[in-house]
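Within every chain, numbering begins at 1; the chains are lettered A, B, ... in the order of the sequence lines, protein sequences first and strands thereafter. On a predicted model such as this, the values are computed, not experimentally measured, just so you know.
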Amino acid sequence: MTLQSADNQPSTHEEVAVSMQNVTISYGNAAAVRDVFCDIPSGKVTALIGPSGCGKSTILRSINRMNDLIEGCTLKGRVLFDGVDLYAPTVDPVEVRRRIGMVFQQPNPFPKSIYENVAFGARINGYTGNMDELVERSLRQAAVWDECKDKLKESGYSLSGGQQQRLCIARTIAIQPEVILMDEPCSALDPISTLKIEETMHELKKSFTIVIVTHNMQQAVRVSDETAFFNAETVENRSGKVGYLVEFNDTQSIFNSPQEQATQDYVSGRFG
Amino acid sequence: MNSNNPSLITRNEQLNYKPNIKRNLGNRLMTGLAALFSIVAVLPLVLVLGYILLKGASKISISLFTELPPPPGLEGGGIGNAIVGTLVVTFIAALFAIPIGVGGGIYLAEYSRSDWFAQFIRFGTNVLSGVPSIIAGVFVYGTLVTTRLLFGNAYSAVAGGLALSILMIPTVIKTTDEGLKLVPNDLRRGALGVGASRFITITRITLPAAFTPIATGVVLSIARAAGETAPLIFTALFSPYWADLLSVDGWFSSIATLSVLIYNFSIMPLEVQNELAWAASFVLVALILALNLSARWLGRVASR
Amino acid sequence: MSSNLDDQYRLRKRPQSEKLVDSGFKSLAVGLASVVALVLFAILIVVFQGGLPSMLRYGWEFLITSDWNPVDDEYGAGAAIYGTLVTSILSLFIAIPLGVGTAIFITENIIPKKIRNFIGLMVELLAAVPSVVLGLWAIFVMEPFIRPGLEMLYTYFGWFPLFSSPPMGPGTLPAVLILVVMILPIITAITRDSLQQVPKRLTQAAYGIGTTRWGAIINVTLPAAISGIVGGVMLALGRAMGETMAVTMIIGNSNNFSFSLLAPGNTISAMLANQFGEADGSQVSSLMYAAFVLMIMTLAVNILAQLLVKRLSLKY
């Protein structure tokens, strides 16, 4: 239970987008991830890595309260967004998600046209500007405009898997969130689509704070500025594991000179 | 050369199909039995449909649809009022059952968690779908007809429609629940992830995505309600006249329906009435089978 | 920049009205779902209350005596309860082999798929034919057709209590046969669904060790599907008990108790359909009592079905 919260912070002092303070998330009575402290910097790409079952997706989903949808999921501690506790009783999860958007593991376009897919989010957010312009800008930012500019009226399912995922990114961009969460966005895609999405992310971080969960360490190196390494440990008297944050630093340090042995073992491929 | 090899001959014999050993005889016997059972199962439908076609279709004429049933002893006449009545009563039933059923199904699929209330509603839906249809009639008779609760009227089209809706509600709830459960959770998360509220997620994303299975189920439940008799015989009763649908009174007085007409006329010892019962069966079965087949067609077209 | 954005997305800050719509919609759904519970309780209460005077007057006697005499104001539902049980159980025994056999025939790869689908469709359409139409058919077509057979039963097996009266047209046995036609589609459809859900690898394993088709069906497929089949059978039993119109039209509606299946009989639902419209006073109350008994019977069967399905679900 010795967790040196001070050591876990990135050394540089920047604006903090999301701050997790002693966060423990449980499903029913079983903790999935415990005692997480970390400050996710604004305007950068932060990667969450670690072996299966270490709770990195759970942590990610807690940032825009998607865990609310899972029955029996509870959170202790505080998740601060711009200094506001997201889990305060007065906070409306829908408002949170309008500012912290999410891209999921499986591409999940709505069964609507490509245009409507992008416009849907903006419309329910009461967007007053020029919708055509917004759709084009979002699709361009997600680097999928060229592939679908001639078939905006066609179903979102007419696109390939990688294009669908970029459409989902465009859909999230269109609501102009401050933070974009990505939950293993490339795990269902082929290498070429993966590369395209990674290129897209380099563009996106100019305007958004990005938090990405990934299984792929090379991807973390390629896209992220900061990396948080989570590990899982078995708990006595219980089946299943509980995750915890091992180390959080800039990506270079994590991969080249990690301070913890576990991180060293993981990034050099010795387990996980 | 090979044929001279003695071991190969026995191997051939080993592997040849031997029709007369016990195992293969038993197998064929069981297959034959199953085929026979299938024929017996299909036979009633063929016979029933055949007779209805034979006895009913010959009675089809314009007057059948436009005239009232004749008084006992007279010839001619039609079943026009009963056709209108069946449409009216089924419409009333759908008017109550669809909103309640779809709403309840939305609750079960989208809002319910595994708490006692949801469990109880699920259980209650199953129990209600097992309640005999005649009990729905007894219930409405006891609450609405004897008490004259509906603006002082006893037997009425609305009472009959309410009795039918009790039978429809569980079916509509179940199809809505199951239809919505087929919508992948990814879509819900996608909508919530761009900041949609539950209301918008359901009305704009999940309900449209589940429209086909829900519509199919609703059409099938309407078809079933249109043929029900037991809940109507002492709620909607019967009427030898046209329903006056332009006045409120028409909706709150007894009304003829095809199914009750078939029942009443089949047990009368009068040739003309018996013939009309067959003609009404033809119309009713045609209506119900058309609804059934269109529901299937709807499901198949949309799944393509 | 942030304030500029909030201008463009003017609903980003959700107005109170939107939140009201959201929570209002949820309350509406909960309310509509509660209607089910309300209706169910209301039915139970109304029927129980209606039957209460008779319950107090006759008590359990009502269930076993079979005088039903509106003139003398004496009521007992013994004959109707016996008729309900006999018709539903007998029809179930006939329909189970037919339904399960048909289901196997149309799920196994014995004949071309097109014919199998066609048989399946026919059986499902049979379920859609209204009960009252089947009753009409039973009166005018089926009963005259089987009468000679019933007479033979009486001539040769008249010594046996179940066939100890001459057939007179409407009777218990014709009602049983029409019930078979009505519950057959339920058993077939549910058995077919359960058989189709049995994983292919199970049957393949059986074929792999050299069983015949029926060896695999009897030893592997049917046991794996048993919970669904039992559920379907119980559902069919509930339906048979409550089935009203066709039975009313063909059973003869006699309140005299008779063991013979060839004699006219009665069921609770037939009695209700026949007498409710013209009943008053203590007759209504007695009918309500009988309706309550019917409800409890079907309720018990349905709950048992749900429990059995849970108990019997095999893990594979």
Side-chain angles (χ1 to χ4, degrees), chain B residues 23 26-27 30-31 33-35 37-38 40-42 44-45 47-48 51-52 99-100 103-104 106-108 111 120-121 124-128 130-135 138-139 141-143 166 169 173 197-199 223 227 229-230 233-234 259 262-263 266-267 277-278 281 284-285 288-289 292, chain C residues 18 21-22 25-26 28-30 32-33 35-37 39-40 42-43 46-47 50 97-98 101-102 104-106 110 119 122-123 125-126 128-137 139 141 181 184 188 212-214 238 241-242 244-245 249 269 272-273 276-277 288 291 294-295 298-299 302 306:
Chain B
R23 158 180 100 211
N27 221 7
M30 292 298 282
T31 305
L33 215 56
F37 286 174
S38 307
V40 173
V42 172
L45 181 72
L47 290 176
V48 171
Y51 258 92
I52 292 169
I100 294 174
I106 288 175
Y107 165 73
L108 285 183
Y111 289 109
F120 179 72
I121 296 293
T125 308
N126 280 335
V127 170
L128 195 62
V131 167
S133 58
I134 186 94
I135 299 283
V138 170
F139 168 64
Y141 180 86
T143 46
I166 291 175
I169 288 171
I173 288 189
S197 60
R198 277 290 173 99
F199 170 68
T229 317
I233 39 183
F234 36 79
S259 51
I262 297 169
Y263 174 57
S266 68
I267 50 181
W278 281 109
S281 296
L284 185 60
V285 168
I288 287 169
L289 290 192
N292 252 281
Chain C
E18 199 194 305
V21 168
D22 202 22
F25 186 69
K26 180 177 179 179
L28 181 70
V30 173
L32 291 173
V35 170
V36 172
V39 168
L40 198 61
I43 292 177
V46 165
V47 176
L98 285 176
T102 308
I104 293 173
F105 194 64
I106 58 179
I110 300 175
I119 296 177
M122 293 292 267
V123 174
L125 289 184
L126 182 59
V129 174
S131 162
V132 70
V133 172
L134 288 175
L136 180 74
W137 179 76
I139 295 176
V141 183
V181 173
L184 191 61
T188 310
T212 57
R213 183 201 299 280
W214 284 93
M241 283 175 163
T244 313
M245 294 322 295
M249 292 160 84
S269 48
L272 292 170
F276 220 100
M288 286 279 202
L294 175 65
M295 259 205 90
T298 51
L299 212 71
N302 276 306
Q306 292 191 35

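- Put simply, CD1 on B:Ile233 and CG on C:Leu272 are 9.0 Å apart, with the number rounded to the nearest 0.5 Å.
- For B:Ile100, the parts lying near chain C are the backbone and the side chain together; criterion is any non-hydrogen pair under 4.5 Å.
- Options B:Ser133, B:Gly142, B:Ala41 differ in how many heavy-atom pairs under 4.5 Å they form with chain C, and the most are formed by B:Ala41.
- Considering CE of C:Met249 and OG of B:Ser266, their distance stands at 3.0 Å, rounded to 0.5 Å.
- In terms of modelled atom types and a separation under 3.5 Å, the side chain of C:Asn302 and the main chain of B:Val127 share no donor-acceptor contact.
- Your options are C:Gly242, C:Pro97, C:Ala37, C:Ala29, and the one with the most heavy-atom pairs under 4.5 Å with chain B is C:Ala29.
- Rounding to the nearest 0.5 Å gives a distance of 11.5 Å between CZ of B:Phe37 and OG1 of C:Thr188.
- For B:Asn292, the part sitting under 4.5 Å from any heavy atom of chain C is the side chain, from C-beta outward, and nothing else.
- In terms of heavy-atom pairs under 4.5 angstrom with chain C, the leader among B:Ala223, B:Gly26, B:Gly124 is B:Gly124.
- Contacts between B:Tyr263 and chain C at a heavy-atom distance below 4.5 Å involve backbone atoms as well as side-chain atoms.
- Note: B:Thr31 leads B:Val42, B:Thr31, B:Val285 in heavy-atom pairs under 4.5 Å with chain C.
- Interface remark: C:Met241 contributes no atoms to any contact with chain B (heavy atom separation under 4.5 Å).
- Per-residue heavy-atom pair counts under 4.5 Å with chain C were compared for B:Ile121, B:Ile267, B:Leu108, and the maximum is reached by B:Ile121.
- When each of C:Val132, C:Leu134, C:Leu126 is scored by its heavy-atom pairs under 4.5 Å with chain B, the top score falls to C:Val132.
- Residue B:Ile169 touches chain C through its side chain alone, counting heavy-atom pairs closer than 4.5 Å.
- Contact count versus chain B (heavy atoms, under 4.5 Å) is highest, among C:Ile119, C:Leu125, C:Val181, for C:Leu125.
- The minimum heavy-atom distance between B:Val131 and C:Met295, with the atom names listed, is CG2-CE, 4.1 Å.
- Within the 4.5 Å cutoff, no side-chain heavy atoms of B:Leu47 are placed close to those of C:Val141.
- Judged as a side chain to side chain contact (heavy atoms under 4.5 Å, CB included), and not counting sequence neighbours, the contacts of B:Ile166 are B:Leu128, B:Ala136, B:Phe139, B:Val140, C:Val39, C:Ile43.
- The two residues C:Thr298 and B:Gly130 make their nearest non-hydrogen contact at CB-O, 4.2 Å.
- Contacts between C:Met122 and chain B at a heavy-atom distance below 4.5 Å involve backbone atoms as well as side-chain atoms.
- Under the 30°/60° scheme for interplanar angles, the aromatic rings of B:Phe234 and C:Phe276 are found to lie parallel.
- Here C:Leu136 contributes atom CG and B:Ile52 contributes atom CD1; the two are 7.5 Å apart, rounded to the nearest 0.5 Å.
- Contact of the B:Arg198 side chain with the C:Phe25 side chain is not registered, since no non-hydrogen atoms from C-beta on lie closer than 4.5 Å.
- The parts of B:Ala230 that come within reach of chain C are both its backbone and its side chain, each placing non-hydrogen atoms under 4.5 angstrom from that chain.
- A heavy-atom distance below 4.5 Å is found between the side chains of C:Val133 and B:Ile262.
- Note on C:Val30, C:Leu28, C:Val123: by heavy-atom pairs under 4.5 Å with chain B, the leading option is C:Val30.
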Quick one: do B:Ile134 and C:Leu294 satisfy side-chain contact (heavy atoms from CB on, under 4.5 Å)? Show the steps, please. CA-CA 10 Å; B:Ile134 186 94; C:Leu294 175 65; 4.2 Å; yes
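- Contact count versus chain B (heavy atoms, under 4.5 Å) is highest, among C:Val47, C:Ile104, C:Val21, C:Val129, for C:Val21.
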